[in-house]
Amino acid sequence: MSLDAEVLIDWFADHARDLPWRRPECTPWGVLVSEIMLQQTPVARVEPVWREWLARWPTPSAMAAATQGEVLRAWGKLGYPRRALRLHAAAQAIAEQHGDEVPHDVDALLALPGIGAYTARAVAAFAYGKRCPVVDTNVRRVVARAVHGAADAGPPSTTRDLADVEALLPDQRAAVYSAALMELGALVCTARTPRCADCPVLAACAWQRGGRPAYDGPVKVAQKFAGTDRQVRGLLLDVLRGTAEPVAKSRLDVVWADAGQRDRCLHSLLVDGLVEQTASGLFALPGEHR
DNA sequence: GATTCGTGGCC
DNA sequence: TGGCCAAGAAT
């Protein structure tokens, strides 16, 4: 197809960001941690936390030995803290069932908590050089434009998305090619205001050739945050992150006026295992108090 | 397939 | 100013 591998790989060699999880000395565990942290989270916010994590927990077994509370506190404000819990559980599974080595196989990776279609293939490709389609939001957008001539990708469909990228994947240097596709989407073929003048595959781009028509797919519902349970859960968890000792419910009640929503959120945090109640009825991050 | 799940920066 | 967006996964 049109997205010439050599052109893209050469562009990547010249323009790729120097990210720590791309360094040759980065371990597969480091790659895995980066991929989990980068889910729905910008690179700039991930990088400092990733450095702290790898220094503190350089292996899966090292993290497996930490408590859930320690892990949640170290996760800080990266967002979606269930990722931290799942990564901790994945570290335990890797330590106990895989000899402390991050699995090579996509299927074995998929079986780990918090690892889905994207992350499993990203680890297989970027940590082990395996040839497999790696499809994130950047790649979906690049393919939508360059191949299908659409301004943006429609709703995701794992089966179709994987097939699309599989068809593009070169036989050689497929992992670097995948990294290049992602980087192109992150730096040039961006969601808003793409830098088409800087694009290495402009001549091959179907969207460009078609006069860059506007997006005509189904309308995407904007995700709200203010006033949602997500915000309230975040506020509650932030209290517990900031204290070493369990706190009384009154300390949590002050973060949100609506008692019904507040209690519902606290309950859901308990169900999710992000918060624990002690025998004396106080609240804390999990795994640190009896 | 549609929803839910944090957080903060940017145009 | 505020909607949009950022390397998704689980249900």
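Note that the structure is a prediction, hence the values are computed from the model and not measured. Quick note on labels: first sequence line is chain A, next is B, and so on, each numbered from 1.
The environment of CZ in Arg241(A) is crowded: more than 12 heavy-atom neighbours from other residues, nucleotides or ligands sit within 6.0 Å.
No contact: Arg140(A) has no heavy atom under 4.0 Å from any strand. Counting any heavy atom pair closer than 4.0 Å across all strands shown, Trp75(A) reaches no nucleic acid atom. Here Ile115(A) lies in heavy-atom contact (under 4.0 Å) with sugar-phosphate atoms only. No contact: Thr193(A) has no heavy atom under 4.0 Å from any strand. Here Gly116(A) lies in heavy-atom contact (under 4.0 Å) with sugar-phosphate atoms only. In this structure, Arg264(A) reaches neither bases nor backbone, as no heavy-atom distance under 4.0 Å exists between it and the strands shown. At a threshold of 4.0 angstrom between heavy atoms, the contacts of Arg17(A) include nucleobase atoms, whether or not backbone atoms are also involved. Residue Ala117(A) is in sugar-phosphate contact alone, with no base atom involved, counting any heavy-atom pair closer than 4.0 Å across all strands shown. Residue-level contact check: Ala191(A) touches the backbone only, with heavy atoms under 4.0 Å from sugar-phosphate atoms and none from bases. At the heavy-atom level, Leu274(A) lies nowhere under 4.0 Å from the strands shown.
The cluster map of Ile, Leu, Val, Met, Phe, Trp and Tyr, joined by side-chain heavy atoms under 4.5 Å apart, puts Val275(A) and Leu78(A) in different clusters.
Phosphate contact (OP1/OP2 of dA6(C), side-chain N/O of Gln40(A), threshold under 4.0 Å): absent. One finds a side-chain N or O of Arg241(A) lying less than 4.0 angstrom from the OP1 or OP2 phosphate oxygen of dT7(B). The shortest distance between the side-chain N/O atoms of Arg233(A) and the OP1/OP2 oxygens of dG6(B) is below 4.0 Å.
For Phe225(A), taking side-chain heavy atoms from C-beta onward, the closest of the listed nucleotides dC5(B), dA7(C), dT7(B) is dT7(B). Nearest nucleotide to the Asp229(A) side chain, out of dG8(B), dC5(B), dA7(C): dC5(B). The listed nucleotides are dA9(C), dA7(C), dT7(B); the one nearest the side chain of Thr119(A) is dA9(C).
Smallest separation of non-hydrogen atoms from Ala174(A) and Leu169(A): CB-CG, 3.9 Å.
Using atom P as the reference point in both dA7(C) and dT3(B), the two lie 23 Å apart (nearest Å). Annotation: dA10(C) and dG8(B) have their C1' atoms spaced 24 Å apart (nearest Å). Across dG6(B) and dC5(C), the matching C1' atoms stand 14 Å from one another, rounded to whole Å.
Proximity of Trp21(A) to Val46(A): side-chain heavy atoms (C-beta onward) are separated by under 4.5 Å at one or more points.
The pair Arg23(A)-Asp18(A) meets the salt-bridge criterion, since a charged nitrogen lies less than 4.0 angstrom from a carboxylate oxygen. Ion pairing between a basic and an acidic side chain is recognised when a charged N comes within 4.0 Å of a carboxylate O; Asp258(A) and Arg264(A) show no such pairing.
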Mind listing the N/O atom pairs, protein and nucleotides 1-4 of chain C, below 3.5 Å?
from, atom 1, to, atom 2, distance (Å)
dC4(C), O2, Arg192(A), NH1, 3.3

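Between Arg83(A) and Asp152(A), the residue whose closest nucleotide on DNA chain C is further toward the 5' end is Asp152(A). Comparing Thr41(A) and Ser157(A) by the nucleotide of DNA chain B whose heavy atom lies nearest to each, the residue mapping closer to the 5' end is Ser157(A). Of the residues near DNA chain B, Gln231(A) and Pro155(A), the one whose nearest nucleotide (by heavy atom distance) lies more toward the 5' end is Pro155(A).
Checking Arg141(A), Arg140(A), Lys220(A) one by one against Asp152(A), the salt bridge (charged side-chain N to carboxylate O under 4.0 Å, His left out) holds for a single residue, Lys220(A).
Between the C1' atom of dA7(C) and the CG atom of Leu78(A) lies a distance of 13 Å, rounded to the nearest Å. Whole-Å rounding puts the Asp238(A) CG to dG6(B) P distance at 12 Å.
Although no hydrogens or angles enter the test, the distance criterion places no donor-acceptor pair under 3.5 Å between the side chain of Glu183(A) and the main chain of Trp11(A). Checked by atom type and distance alone, the side chain of Arg17(A) never pairs as donor or acceptor with a backbone atom of Val43(A) at under 3.5 Å.
Arg45(A) contributes a side-chain N or O that forms a donor-acceptor pair with the base of dT7(B) under 3.5 Å.
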